[in-house]
Student: 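I have a structure here, written as structure tokens, and I will follow up with some questions on it.
So you know, we letter chains A, B, ... as the sequences are listed, proteins then strands, and number each from 1. As the structure is a computational prediction, the values presented were derived from the model and not from experiment.
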Number of protein chains: 2
Amino acid sequence: MSPRERLIETAAELFYRRGCHAVGIDTILAEAGVAKMTLYRHFRSKDELLLAALRRMDERFRNDFMAAVERRAATPVARLDALFDVVRDWVRGKDFFGCPFINVTAEFAAQDDPVHAAAAEHKRLALAFIERLAAEAGAADPRGLARALKVLLEGCTVLAQVTGQSEFVDDAQLAGRLVLREALRAGGPAPASGAECAAPLRPTR
Amino acid sequence: MSPRERLIETAAELFYRRGCHAVGIDTILAEAGVAKMTLYRHFRSKDELLLAALRRMDERFRNDFMAAVERRAATPVARLDALFDVVRDWVRGKDFFGCPFINVTAEFAAQDDPVHAAAAEHKRLALAFIERLAAEAGAADPRGLARALKVLLEGCTVLAQVTGQSEFVDDAQLAGRLVLREALRAGGPAPASGAECAAPLRPTR
DNA sequence: CATCCTATAGACAGATCGGTCTACTCGATC
DNA sequence: GATCGAGTAGACCGATCTGTCTATAGGATG
């Protein structure tokens with residue numbers, strides 16, 4: 001792995017688990033085994049390294065997330081439910097420290113800050129993925145359904161982070177099934193595909 | 001206002017809007033107009049000042065929040081809906097920088113850190129308030145209803161913070177009414193009080 | 001008036017911060 | 001073999017960080 005790659009990977013991990021302002025450049029350099037001059041040959045500043053790390057996290061996170069959802073369920077409706085299962089696995093992991101994109105906005109509160117903007121862009125793309133699933137599922141209002149589910153997903157993620165209780169994902173999933181059922185009943189052209197929602201309102205695991 | 005009070009108030013505001021690690025002691029001292037020795041006479045360290053500021057924010061936040069909810073609606077059911085209205089007012093304000101308790105967990109990720117624990121305690125108390133309302137509303141499962149609503153509230157708060165779109169509160173409120181209707185239908189002893197939920201599924205403002 | 005407590009102002013220490021600079025090594029290419 | 005670019009090691013700079021120290025002022029209480 002090239003020095004540049006090692007820097008981005010190491011920065012992404014350290015920024016995520018310790019916070020951006022709490023991690024110094026020297027720590028990243030030591031962990032990555034890279035000289036300081038090499039860092040500044042590739043990036044203008046610490047903030048640019050942070051931006052690169054965020055872009056990397058965005059790619060990886062969305063790819064992994066989408067792949068996990070699609071691996072877990074086959075139909076669009078089932079995948080909308082599987083969103084919560086994937087989040088559950090995530091928040092239960094020992095490497096879970098909340099959503100990295102929410103976390104950076106806590107340290108870069110200004111909306112027009114490039115770091116904050118990168119986090120907002122991630123949320124926009126993640127929402128678009130859910131909306132695509134919602135459209136495939138035949139929801140009358142895919143955008144509204146996606147936004148409601150996204151609210152539930154974000155909510156259980158932060159509550160799991162703050163309280164340490166992954167059970168909030170179960171509560172979110174139950175509410176999600178309610179929302180899903182309603183959204184598909186309202187104008188779903190394929191009532192048969194909604195059958196999965198009539199299943200018992202329990203987390204799948 | 002005593003120097004101690006000025007320190008706590010100033011620290012609460014600065015930590016909230018700029019982040020804990022991004023704000024230095026000297027900045028707080030200058031803003032509060034307090035000498036450095038006075039700070040260390042009242043608090044052992046910066047972290048203890050942060051803890052005091054968090055406790056202050058917890059008290060004020062929950063008091064203001066509960067008062068706003070009770071001012072806005074009279075019945076328990078209506079108050080459960082008004083939770084979202086209060087959050088909407090909050091996130092639309094220019095002094096909104098996300099939930100301060102979520103924000104500190106981004107900078108103090110360790111669950112056993114006192115700062116993180118203070119944030120978790122705040123969430124526990126805030127949830128208890130909603131659960132009390134849910135019980136008064138006659139929900140068959142007050143705990144489950146409260147947790148579902150809390151997930152929605154947290155979710156729309158963080159999405160408003162990251163994306164800058166307060167409309168996520170509307171989506172959350174719509175989903176909340178769905179959850180509320182279902183929770184009251186399941187075992188509500190007072191079906192009449194659930195009439196408010198049969199109202200049009202639109203944000204009240 | 002004397003004493004005591006609180007608070008102030010500001011110097012100071014030791015560490016760490018982001019960032020720059022020089023000197024050197026290594027490997028590939030011409 | 002000479003050259004060049006990328007990377008390394010580490011000194012170095014000015015700024016900033018948390019926290020301690022001294023000296024002094026003012027107000028309340030004895």
Student: Quick one: does B:K150's side chain have a donor or acceptor within less than 3.5 Å of a partner on B:K123's backbone?
Tutor: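 Flag not set: sc B:K150 to bb B:K123 has no pair under 3.5 Å.
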Student: Could you tell me whether a side-chain N or O of B:R6 sits under 3.5 Å from a main-chain N or O of B:M1, the two making a donor and an acceptor?
Tutor: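 At least one qualifying donor-acceptor pair exists.
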Student: By a strict heavy-atom criterion of less than 4.0 Å, which residues belonging to residues 3-25 of chain B are in contact with DNA chain C?
Tutor: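 Going residue by residue through residues 3-25 of chain B, the ones with a heavy atom under 4.0 Å of DNA chain C turn out to be B:P3, B:R6.
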Student: To the nearest Å, how far apart are B:L29 CG and D:dT16 P?
Tutor: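 Rounded to whole Å, this separation is 16 Å.
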Student: Okay, side chain of A:Q173, backbone of A:F84: is any donor-acceptor separation there less than 3.5 Å?
Tutor: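 Side chain of A:Q173 to backbone of A:F84, a donor-acceptor pair under 3.5 Å: no, none is there.
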Student: How long is the line joining CG of A:D26 and P of D:dA9, in whole Å?
Tutor: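 Roughly 13 Å, once rounded to whole Å.
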Student: Hey, is the main chain of A:Q161 close enough, under 3.5 Å, to the side chain of B:Q111 for a donor-acceptor pair?
Tutor: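 Such a contact is found between B:Q111 side chain and A:Q161 backbone.
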Student: Using modelled atom types and a 3.5 Å cut-off, is there a donor and acceptor pairing between side-chain atoms of A:Y16 and backbone atoms of A:G98?
Tutor: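 Between the backbone of A:G98 and the side chain of A:Y16 there is a qualifying donor-acceptor contact (under 3.5 Å).
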Student: Does a sphere of radius 6.0 Å around CZ in B:R62 hold more than 12 heavy atoms from other residues, nucleotides or ligands, not counting ones at 6.0 Å or beyond?
Tutor: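 Correct, the count exceeds 12.
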Student: Among residues 40-57 of chain A, which ones have heavy-atom contacts with DNA chain D below 4.0 Å?
Tutor: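 Output list: A:R41, A:H42.
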Student: Starting from C1' on C:dC17, measure out to CD1 on A:I28 and report it in whole angstrom.
Tutor: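 Rounding to the nearest Å, CD1 of A:I28 and C1' of C:dC17 are 12 Å apart.
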Student: Extract from the structure each pairing of a protein N or O with an N or O of nucleotides 10-15 of chain D at less than 3.5 Å, listing the distance.
Tutor:
none

Student: Does a donor on one side chain sit under 3.5 Å from an acceptor on the other, for B:E31 and B:T10?
Tutor: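 Checked: B:E31/B:T10 side chains show no N/O donor-acceptor pair below 3.5 Å.
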Student: Indicate yes or no for a side-chain donor-acceptor contact from B:E107 to the backbone of B:H21 under 3.5 Å, with no hydrogens or angles considered.
Tutor: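 It does hold such a pair.
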Student: Can you name the closest pair of heavy atoms from B:F101 and B:M57 and give their distance?
Tutor: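 Heavy atoms of B:F101 and B:M57 come nearest at CZ-C, 3.8 Å.
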Student: Looking only at non-hydrogen atoms, find the nearest pair between A:V34 and A:L39 and report the distance.
Tutor: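 Looking at all heavy atoms of both residues, the closest pair is CG1-N, 4.4 Å.
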